[in-house]
Novice: 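I'd like to ask some things about the structure below.
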There are 2 protein chains.
Amino acid sequence: MILIDYKSRKPIYEQIIDNIKSLIVSGVLKRDEQLPSVRQMAQELAINPNTIQKAYTELEREGITYSLKGRGSFVGSSLQELRTVQQKALLEQLAELSADLYRLQVPQQDAWTVVQQVYEQQKEDEAYD
Amino acid sequence: MILIDYKSRKPIYEQIIDNIKSLIVSGVLKRDEQLPSVRQMAQELAINPNTIQKAYTELEREGITYSLKGRGSFVGSSLQELRTVQQKALLEQLAELSADLYRLQVPQQDAWTVVQQVYEQQKEDEAYD
DNA sequence: TATGTGTATTATATTATCTAGTACACCTAT
DNA sequence: ATAGGTGTACTAGATAATATAATACACATA
């Protein structure tokens, strides 16, 4: 369900956060569905429970999950809500990257070609599902 | 000449590296031109000389500068060489970002609009030089 | 010779990350 | 009521990356 890359410079708890967001946005985890408990996920990933706890706390702070004492942690954000937020964030990243591309005098056409090619490649990959 | 953002999560030595690359790519620093000495830059930025040294060592490792004992550090990469390398790196970033955009189902048209707007905005800003 | 270079070394401080262990309050099924 | 599973809080320690501090040495040049 969740994969951790220990070689990455990205902290484990951030990888868990991103992973859960992906699961929600991809529709695997749905609103009000229960997440694995802190201890369970810690055991499955062979990671300290405190690290999972840190990820869950941050997810709750962002309003993406909610926790009930004695019950568990649950998805608090709908697929559409989270998708909208993340789309906005990605477009902001794209704007920053575009500014860098401009500064380095990369032709607009070259940038566009890359985007197009990736989109078409992804579409092809999807055709095999 | 160089600005450091102490609030940034990016380490100071990395900021120095990026800053010097920008100065080369923008044509401010030219091939074989001498960089500020380790001690001089350390004093100007009120930063420990070892931190500057770390940045310079990395720049030399990347082939962007070269150092001569007793002489100083100099630009070893031409504007065109470095620009080409960095353009390639940026386009790779763009490819990764495009894949994320696709996964989040951002319409290709929306992405394209952002890129276009940034390019036009930058062009306008430049007109005031 | 004096000064300014790059470079190397050792030590310390700080911060972020992660682990370890323990404890408590709460919920629920038995 | 009890047991077991929840979230949560707390203290402590290990480790790595980053940055500072203080010296020292070799080399180049005016």
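In the text below, chain A, chain B and the rest are named by the order of the sequence lines, each starting its count at 1. Atom set for the values below is all heavy atoms of this structure, side chains included, hydrogens, waters and symmetry mates excluded.
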Novice: Which residue, A:Lys69 or B:Leu35, contacts DNA chain C at a nucleotide closer to its 5' end, judged by nearest heavy atom?
Specialist: B:Leu35

Novice: Rounding to a whole Å, what distance do you find between B:Tyr6:OH and C:dT14:P?
Specialist: 18 Å

Novice: With a 6.0 Å cut-off (strictly less than), is the heavy-atom count around CD of B:Gln116, excluding the residue itself, greater than 12?
Specialist: yes

Novice: Answer yes or no: does a side-chain N or O of A:Ser37 lie under 4.0 Å from OP1 or OP2 of D:dG5?
Specialist: no

Novice: Please report, rounded to the nearest Å, how far the C1' atom of C:dT17 is from the NZ atom of A:Lys7.
Specialist: 20 Å

Novice: Does B:Arg71 place a side-chain N or O at less than 4.0 Å from the phosphate oxygens OP1/OP2 of D:dT29?
Specialist: yes

Novice: Tell me what A:Gln34 touches on the nucleic acid: a base, only sugar-phosphate, or nothing, going by heavy atoms under 4.0 Å.
Specialist: nothing

Novice: What's the CZ-P distance between A:Arg39 and C:dT22, to the nearest Å?
Specialist: 14 Å

Novice: If I take atom CG in residue B:Asn48 and atom C1' in nucleotide C:dA13, what distance separates them, rounded to the nearest angstrom?
Specialist: 12 Å

Novice: Which listed nucleotide (C:dT19, C:dG6, D:dT18) is nearest to the side chain of A:Thr51?
Specialist: C:dT19

Novice: In whole angstroms, how far is the C1' atom of D:dT8 from the CG atom of A:Leu59?
Specialist: 16 Å

Novice: OP1 or OP2 of D:dT18 less than 4.0 angstrom from a side-chain nitrogen or oxygen of B:Tyr13, does that happen here?
Specialist: yes

Novice: On the nucleotide C:dC18, are OP1 or OP2 found under 4.0 Å from the side-chain N or O atoms that A:Lys54 carries?
Specialist: no

Novice: Which of these, A:Leu35, A:Ile47, A:Ile12, sits in a side chain to side chain contact (heavy atoms under 4.5 Å, CB included) with A:Ile52?
Specialist: A:Ile47

Novice: Establish, with yes or no, whether the OP1 or OP2 oxygen of D:dT6 is under 4.0 angstrom from a side-chain nitrogen or oxygen of A:Ser73.
Specialist: no

